[in-house]
Number of protein chains: 2
Amino acid sequence: MSNEKILLVDDEPDIIEFLGYNLTKEGYDVTTSTSGKEAVELAKKIKPDLILLDVMMPEMDGIETCQEIRNVADIKNTLIAFLSARGEDYSQVAGLDAGADDYITKPIKPRLLVSRVKAILRRKSGGEEVGVDEQEGDIKIDREKYLVYKEGEELSFPKKEFELLALLLSKPGKVFTREVILESVWGGEVVVGDRTIDVHIRKLREKLGDHYIKTIKGVGYKFES
Amino acid sequence: MSNEKILLVDDEPDIIEFLGYNLTKEGYDVTTSTSGKEAVELAKKIKPDLILLDVMMPEMDGIETCQEIRNVADIKNTLIAFLSARGEDYSQVAGLDAGADDYITKPIKPRLLVSRVKAILRRKSGGEEVGVDEQEGDIKIDREKYLVYKEGEELSFPKKEFELLALLLSKPGKVFTREVILESVWGGEVVVGDRTIDVHIRKLREKLGDHYIKTIKGVGYKFES
DNA sequence: ACAATAAATTAATATTAAATTAACATCCAG
DNA sequence: CTGGATGTTAATTTAATATTAATTTATTGT
């Protein structure tokens, strides 16, 4: 059986490995590359069904690479999906209309990635609409920029609030006890008063809206969308 | 009864010794390893109940090791908890969804470590993650999310009710006497009145439906489907 | 190094959900 | 019928968290 071929392009080996592993496990025939230039050559050679292309890359970025590919007659109709770090300004990318077939934000959970990939490949036959990022829950954080996104809006948070939110967000739905929160946001030795966590939760709720963080009395707090 | 086996993996001998000592003292059967590769082999051999895995290790890091383990049919369902230095980017790790069951930051106090380990191991028997295969008329609990699932519906329970239900559910069909219930839900010293348990049972029956919890007069209560 | 500003923490009190008790009802074995 | 056991409902108490403001502690810019 000839599996569907995916060309995965990202300059970070970690990402390559992580995504590659998950796609391979799903039965796809995965080729990888860490540069845009190389990717174009590879594409010509192996004729992939789908190219996953990181937007931000040194030298030749995803957009250029995409345009290059669209220029080569032989492979110009290959499906291309952009990968971008959550929080990067994709409106610009979308505005450039570089000719991508989908747009996927990182980090992404394996299951979600796979279902997106399946969806794109399914679209190949019947021309469905282009998907722009269906999110899982509408609050996101960008650790690098230290920003929180709420429905597209960007919000800036002080350190402790950010860390607390990041923790809750690291596993939505999971209840984090006060003990665990203290341990992981404040650290072992530091002793802070009983109401400190409450106050930070308050601040978060103030900025995000009440319904995101739920209290389980006697147990802890959890994030839910 | 043979003790529960823990495989402890960290590249720093000091950490190994410190954590190992404390876990052994608690009665766990501890095996240690300083490399991810070796850990996978050891895991195959001894089939631990839980693997504590340092995220940052030379050669093969915790995440890779975790993925490896998840790949070996024989041990793929072993509980795995990540250990990481505080301040490392846990959201990223969690986001990678490498399949860990918990996330513990170092340094950690012995007592807290032990209680975390107990919690993880307890989860094994109790309710597991997201309700995938719900059976009709069945009740499940998810300790991590502190939720009860009844025919796919999510129900939120207060602490004592949750713990009581969890106890009954831990061995469906078994009759739990009032003494045992008090002992395990309330704890040794606490003295509460005669009707306290009844009232909690009432609340449970109210929310779940009468037929799930059966009274054995003069003996106790049991859960049955 | 200093003031200005923001963040984090504590303090004091209010609020609320949860747990318990109380008061009475019912059930059922003997 | 009767008495111990459990059921039920509402009232009460308690424990946990929420809230707001005041205070302390960091951070920043000059």
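Convention: sequence-line order gives letters A, B, ...; per-chain numbering from 1.
When side chains are defined from C-beta on, A:T65 does not count as touching A:V9, because their heavy atoms never get closer than 4.5 Å. A:C66 has its side chain within reach of A:L53: a pair of non-hydrogen atoms, C-beta onward, lies under 4.5 Å apart.
Looking at B:R70, its side chain does come within 3.5 Å of a backbone N or O of B:T78 through a donor-acceptor pair.
Under the side-chain hydrogen bond (donor to acceptor under 3.5 Å, both in side chains) criterion, A:K207 pairs with A:E161, sequence neighbours left out. Partners of A:F157 according to the ring-ring contact (aromatic ring centres under 6.0 Å, His included) rule, which considers only residues two or more places apart in sequence or in another chain, do not exist here. Residues that satisfy the salt bridge (charged side-chain N to carboxylate O under 4.0 Å, His left out) test with B:K159, not counting sequence neighbours, are absent from this structure. Residues forming a side-chain hydrogen bond (donor to acceptor under 3.5 Å, both in side chains) with A:S33 (at least two apart in sequence, or on another chain): A:E38. Take A:T215 and apply the side-chain hydrogen bond (donor to acceptor under 3.5 Å, both in side chains) test, not counting sequence neighbours, and it matches A:R205.
The stretch residues 211-221 of chain A comes close to DNA chain C through A:K217, each having a heavy atom under 4.0 Å from the strand. DNA chain D is contacted by B:D198, B:V199, B:R202, B:R205 of residues 197-206 of chain B, taking any non-hydrogen atom closer than 4.0 Å.
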Taking only distance into account, with no hydrogens and no angle test, what donor-acceptor pairs under 3.5 Å do side-chain atoms of residues 17-30 of chain B form with protein atoms, sequence neighbours excluded?
{"from": "B:N22", "atom 1": "ND2", "to": "B:F18", "atom 2": "O", "distance (Å)": "2.8"}
{"from": "B:T24", "atom 1": "OG1", "to": "B:G20", "atom 2": "O", "distance (Å)": "2.7"}

Identify every side-chain donor-acceptor pair in residues 172-181 of chain B under 3.5 Å, counting partners at least two apart or on other chains, and give the distances.
{"from": "B:T177", "atom 1": "OG1", "to": "B:V180", "atom 2": "N", "distance (Å)": "3.2"}
{"from": "B:R178", "atom 1": "NH1", "to": "B:D198", "atom 2": "OD1", "distance (Å)": "3.1"}
{"from": "B:R178", "atom 1": "NH2", "to": "B:D198", "atom 2": "OD1", "distance (Å)": "2.9"}
{"from": "B:R178", "atom 1": "NH2", "to": "B:D198", "atom 2": "OD2", "distance (Å)": "3.3"}
{"from": "B:R178", "atom 1": "NH2", "to": "B:Y221", "atom 2": "OH", "distance (Å)": "3.0"}

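Per the geometry, NZ belonging to B:K159 stands 18 Å off P belonging to D:dT14, to the nearest Å. One atom, CG of A:D194, and another, P of D:dA15, lie 14 Å apart when rounded to the nearest Å.
Scanning all heavy atoms of the two residues, the minimum distance from B:D74 to B:K47 falls at OD2-CE, 3.0 Å.
Sorted by first and then second residue, the pairs that involve residues 210-225 of chain B and meet salt bridge (Lys or Arg N to Asp or Glu O under 4.0 Å), not counting sequence neighbours, are B:K222-B:E224.
A rotation axis mapping the C1' atoms of four pairs onto the next four is fitted at both ends of the helix from C:dA1-D:dT30 to C:dG30-D:dC1 over five pairs, and the angle between these axes is 40° to 10 degrees.
Protein chain A contacts DNA chain C from C:dA7 to C:dA18, reading 5' to 3' and using non-hydrogen atoms of the protein with a distance under 4.0 Å.
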